[in-house]
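What's counted below: heavy atoms across the whole structure, side chains too, no hydrogens, waters or symmetry copies. Sequential numbering from 1 along the given sequence is applied to the chain's residues.
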Amino acid sequence: MSFDIILTEIEQALQQDVQCKEISHARALIAALRPERIADVQRATDNVRALCFVLRQHRSWRLALRQYLINLIGKRKLVHLLTDTGITLNNGFWGAAATRIVNRMLPPLINDDYVKDIFGQIFHHPKDYLWVNGVANSVWHDLILSTGLRARTPRATHAALTNEVLNAVQVLSYRITTIGLEAELVRNYPAIEKFESPFLRQNDEINDYVLAYRGWLMDRSQAREDCRQMEVLLTQCEDIVLRIRKTAAVTGVSISLTRLLLRLTQSMDRLRTLLAILDSQDATQTIDISIPLFKELVCADNKQHSLRELMQSNTELLSLQVTERAGKSGEHYVTNTRAEWLGMLHSALGAGFIVGFMALIKILLGAMSMAPFGYALLYSLNYSSGFMLVHVLHYTIATKQPAMTAALIARAIDEGKQKLDELVELIVKVFRSQLIAIVGNIGLAMPTAYIIAWLWYGVSGNHLVSPEKAQHLLHDLDPLHSLALPHAAIAGVCLFLSGLISGYYDNKASYAHIPARLRQLGWLRAVLGEARLQRVTEYIGNNLGALAGNFFFGIMLGSIGQFGQFFGLPVDIRHITFSSANFAFALVGLEHQMDWHLMLYTFLSILLIGLVNLGVSFSLALLVALRSRRVSFGKGSHLLGLLWRRFRTGARDFFLPEKAPQPAAETGQPAADDCDALTSAPVTGGEHRTEPSFNALPEAGEQAADQASTGEEQPANKGDTSESTTSARQQSLL
């Protein structure tokens with residue numbers, strides 16, 4: 001339907017009823033503005049500009065549309081649209097999810113007296129926000145001016161609308177006060193009880209402001225203060241929110257706390273917007289403030305029944321905390337010096353030795369006759385206990401690294417997107433550490449399995465695996481004639497999930513005060529004694545996440561294949577370290593009757609399986625870490641170029657760490673060869689970092705744990721000095 005027909009119908013409807021407020025005309029007008037392809041922003045812009053042209057050419061249509069819009073909004077209650085749309089609900093995740101599912105099947109009743117309800121009827125397409133947000137603010141500004149919706153002063157535009165905005169301001173203020181006194185917030189920031197709360201003071205100021213504003217609307221000769229005092233109090237409220245988030249970075253975070261902070265921040269942002277509208281000095285300023293609010297309301301209304309949006313809004317902060325803890329764990333998987341690099345090799349060799357015996361146990365369990373559930377149970381017990389033993393002995397499984405190091409790289413990207421040279425150095429260290437861990441795992445898992453197989457043959461007189469079983473093991477490693485690579489990808493997903501589980505339980509241990517609660521158990525103190533109880537609980541607090549991640553990772557590896565058999569699905573797992581051990585078992589089982597071409601092909605297949613393991617787990621972990629911070633890294637090509645230059649100028653550093661610098665000469669002056677040692681003094685990362693929005697937790701320094709009791713903000717942590725790079729290296733990269 002064309003604009004001419006729609007505007008003519010509006011004019012005729014107003015002639016019949018000057019109070020006409022039927023939404024059918026507004027729906028038709030938005031349908032005419034909506035492009036055929038919902039994401040076609042250029043077409044939507046052209047449609048809006050065409051409507052502006054038509055309104056400027058026909059004064060009667062312009063007056064009719066202005067009167068119709070005043071009736072449409074002014075005759076209904078506006079407060080609910082401003083206070084509810086775009087603000088997280090107070091119910092929990094599962095309650096909100098159930099409500100959205102029910103509303104999709106049985107839409108809620110529409111109340112024609114509320115702008116909030118008819119707003120969703122007008123912008124009824126679930127993707128309307130794409131073209132509405134895509135149209136430039138200046139184009140919407142021209143449309144508002146074309147309708148004539150402007151007056152000599154913005155405060156006198158419409159008294160009823162102004163009162164609705166004032167009501168919304170009061171509702172938001174009361175809501176902020178209520179949330180600010182929640183026990184969950186007080187628990188994380190006890191100082192709020194010792195001093196006068198800004199959450200209470202802002203409500204007193206808002207009530208005085210609203211009272212004075214309404215008096216000014218009735219009598220313009222009365223004085224009316226601006227909202228600067230409320231802005232100061234809201235800033236103090238935001239400071240408390242930031243301190244709570246910093247404290248939560250150390251003490252842990254819960255879904256309920258996440259939802260409260262999100263709802264509180266959204267309410268304060270909306271209150272600021274409405275106060276800015278009320279306090280604006282001219283029509284242009286009012287329109288400029290209102291257009292982003294309009295876009296936000298359209299987007300929120302379109303997504304109010306979206307389960308995906310609900311999950312994202314409820315889990316972003318929690319996933320950030322989980323990946324943040326994974327990132328801190330990832331620091332232990334990055335080697336900087338030769339001593340650390342050799343320590344990583346030793347740690348990986350120890351894990352490879354244990355995996356050799358884990359592969360033996362799996363072979364023995366597979367020879368037993370059991371139901372799929374029995375295999376799943378015993379396989380899971382074998383994997384879980386083995387991986388947990390690896391952690392307890394401080395050994396390293398190479399494939400566990402990517403889920404941790406990816407979060408570390410994401411944190412580096414978030415902290416300084418411009419410092420690509422430092423990011424290159426971090427990636428070099430991660431690659432070097434990952435490579436030596438793989439070499440260590442395979443380097444001892446394969447000989448261990450080989451020796452076990454020969455000892456078994458020497459003691460029992462029979463091979464550990466029959467020739468048929470050996471051929472089956474080799475077939476499972478063939479990337480061309482089996483599902484080895486898809487199964488390796490499934491193992492990569494399990495590795496990624498185990499990293500998230502580790503972060504979740506690390507967060508749980510801190511937030512739930514598990515070590516301190518364990519120390520309160522009288523029977524446990526009686527069994528262990530005070531000193532041993534202290535050591536045990538401290539170990540649990542520091543290692544619960546890693547132990548839980550390894551436990552569940554073992555369950556996933558042990559049960560996925562059996563569940564695949566139970567449901568008739570071709571799913572299983574392939575892990576590089578276990579694959580190398582199985583290859584050694586097969587080699588002995590065939591008594592070395594294997595062509596060297598097949599040996600080389602199988603060995604390359606094992607490396608390819610490992611590449612898929614690492615690639616899938618690293619990609620998923622990096623994606624989640626970046627999305628949890630809402631960071632989009634758009635310099636991938638430039639980063640690849642820097643990595644290539646780095647490889648050409650120092651390929652050795654990708655495989656071996658640099659030698660430790662030689663001590664200075666006896667004169668106290670550095671030798672000529674030690675210039676790099678001077679320039680490689682650790683930098684502190686002193687780049688100022690602005691505080692992110694509500695969906696990104698600030699980095700917590702070591703002092704964050706004290707903020708819960710003192711309420712004083714400590715200086716921010718300046719970063720890990722071990723990850724700095726030499727200025728000479730930076731110049732070579734440029």
Side-chain angles (χ1 to χ4, degrees), residues 345 347-367 375 378-390 393 395-400 437-460 463-479 482 484 487-488 490-492 494-495 550 553-554 556-558 560-561 572-592 594 598-614:
L345 175 61
S347 176
L349 288 171
F353 179 76
I354 294 177
V355 168
F357 286 93
M358 293 171 63
L360 166 66
I361 296 174
K362 185 176 184 299
I363 292 291
L364 296 177
L365 293 175
Y375 285 121
L378 294 181
Y379 286 169
S380 299
L381 183 62
N382 174 43
Y383 283 127
S384 296
S385 57
F387 289 138
M388 293 173 71
L389 179 62
V390 167
L393 297 178
Y395 294 150
T396 300
I397 297 290
T399 50
K400 292 284 291 181
I438 293 175
V439 171
N441 284 166
I442 298 178
L444 200 54
M446 195 176 294
T448 300
Y450 185 88
I451 294 173
I452 290 174
W454 270 115
L455 290 176
W456 186 277
Y457 178 71
V459 172
S460 65
H463 283 294
L464 179 63
V465 296
S466 64
E468 295 77 12
K469 178 64 174 178
Q471 293 291 346
H472 178 71
L473 292 177
L474 294 178
H475 174 74
D476 287 342
L477 303 180
D478 191 336
S482 71
H487 292 165
I490 294 175
C494 295
L495 287 163
N550 284 301
F553 179 53
M556 287 185 279
L557 292 190
I560 284 179
D572 205 342
I573 58 99
R574 293 291 178 270
H575 189 276
I576 178 174
T577 312
F578 288 94
S579 297
S580 63
N582 289 337
F583 170 69
F585 288 146
L587 183 64
V588 176
L590 294 175
E591 296 187 349
H592 303 89
M594 187 182 300
L598 179 59
M599 293 180 64
L600 179 61
Y601 176 74
T602 305
F603 186 74
L604 293 177
S605 300
I606 293 173
L607 296 181
L608 190 58
I609 288 173
L611 182 62
V612 174
N613 288 156
L614 302 176

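In this structure, CG on Leu495 lies 4.0 Å from CZ on Phe553, to the nearest 0.5 angstrom. One finds the OG1 atom of Thr577 at 11.0 Å from the CG atom of Leu444 (value rounded to the nearest 0.5 Å). Between the CD1 atom of Ile438 and the CD1 atom of Ile606 there is a distance of 12.5 Å, given to the nearest 0.5 Å. Summarising the geometry, atom CG belonging to Leu608 is positioned 10.0 Å from atom CG belonging to Asn613; distances are rounded to the nearest 0.5 Å. Taken to the nearest 0.5 Å, the CD1 atom of Ile560 stands 3.5 Å off from the SG atom of Cys494. Between the CG atom in Leu360 and the CG atom in Asn382 there is a gap of 9.0 Å [rounded to 0.5 Å].
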Show your reasoning for whether side-chain contact (heavy atoms from CB on, under 4.5 Å) applies to Leu364 and Leu464. CA-CA 8 Å; Leu364 296 177; Leu464 179 63; 3.9 Å; yes
Between Tyr383 and Lys362, does the side-chain contact (heavy atoms from CB on, under 4.5 Å) criterion hold? Intermediate values first, please. CA-CA 9 Å; Tyr383 283 127; Lys362 185 176 184 299; 2.9 Å; yes
Show, in sequence, the C-alpha distance, side-chain angles and deciding distance for Leu365 and Tyr375, and conclude whether the side-chain contact (heavy atoms from CB on, under 4.5 Å) test is met. CA-CA 7 Å; Leu365 293 175; Tyr375 285 121; 5.5 Å; no
side-chain contact (heavy atoms from CB on, under 4.5 Å) between Lys469 and Phe585, intermediate numbers included: CA-CA 10 Å; Lys469 178 64 174 178; Phe585 288 146; over 6 Å; no
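Residues Phe387 and Leu557 have side chains in contact (heavy-atom distance under 4.5 Å, counting atoms from C-beta outward). Using a 4.5 Å cut-off on side-chain heavy atoms (C-beta onward), Leu587 and Thr602 make no contact.
At least one donor-acceptor pair closer than 3.5 Å links the side chain of Asn582 to the backbone N or O of Phe578. Between the side chain of Ser384 and the backbone N or O of Leu381, no donor-acceptor pair lies under 3.5 Å.
The list of salt bridge (Lys or Arg N to Asp or Glu O under 4.0 Å) pairs with a residue in residues 573-588, not counting sequence neighbours, reads Asp476-Arg574, Asp572-Arg574. Applying the side chain to side chain donor-acceptor pair (under 3.5 Å) test to pairs two or more places apart or on separate chains, those with a residue in residues 347-356 are Ser347-Thr396.
Residues meeting the side-chain contact (heavy atoms from CB on, under 4.5 Å) test with Leu455, sequence neighbours left out: Ile451. Residues passing the side-chain contact (heavy atoms from CB on, under 4.5 Å) test with Ala351 are Val390, Tyr395, Ile397, Asn441, sequence neighbours excluded. Applying the side-chain contact (heavy atoms from CB on, under 4.5 Å) criterion to Leu590, with sequence neighbours excluded, gives Pro467, Ala470, Gln471, Leu474, Met594. Leu607 pairs by the side-chain contact (heavy atoms from CB on, under 4.5 Å) definition with Ile442, Phe603, Leu604, not counting sequence neighbours.
Between Met446 and Ser580, the closest heavy-atom pair is CE-CB, 3.6 Å. Smallest separation of non-hydrogen atoms from Ser605 and Leu477: CB-O, 3.1 Å. Ile609 and Ser579 make their closest contact through CD1-OG, 4.0 Å (heavy atoms, listed as atom of the first residue, atom of the second, distance).
In this pair, Trp454 and Tyr450 present their aromatic rings perpendicular. The plane angle is above 60°, beyond the 30 to 60° band.
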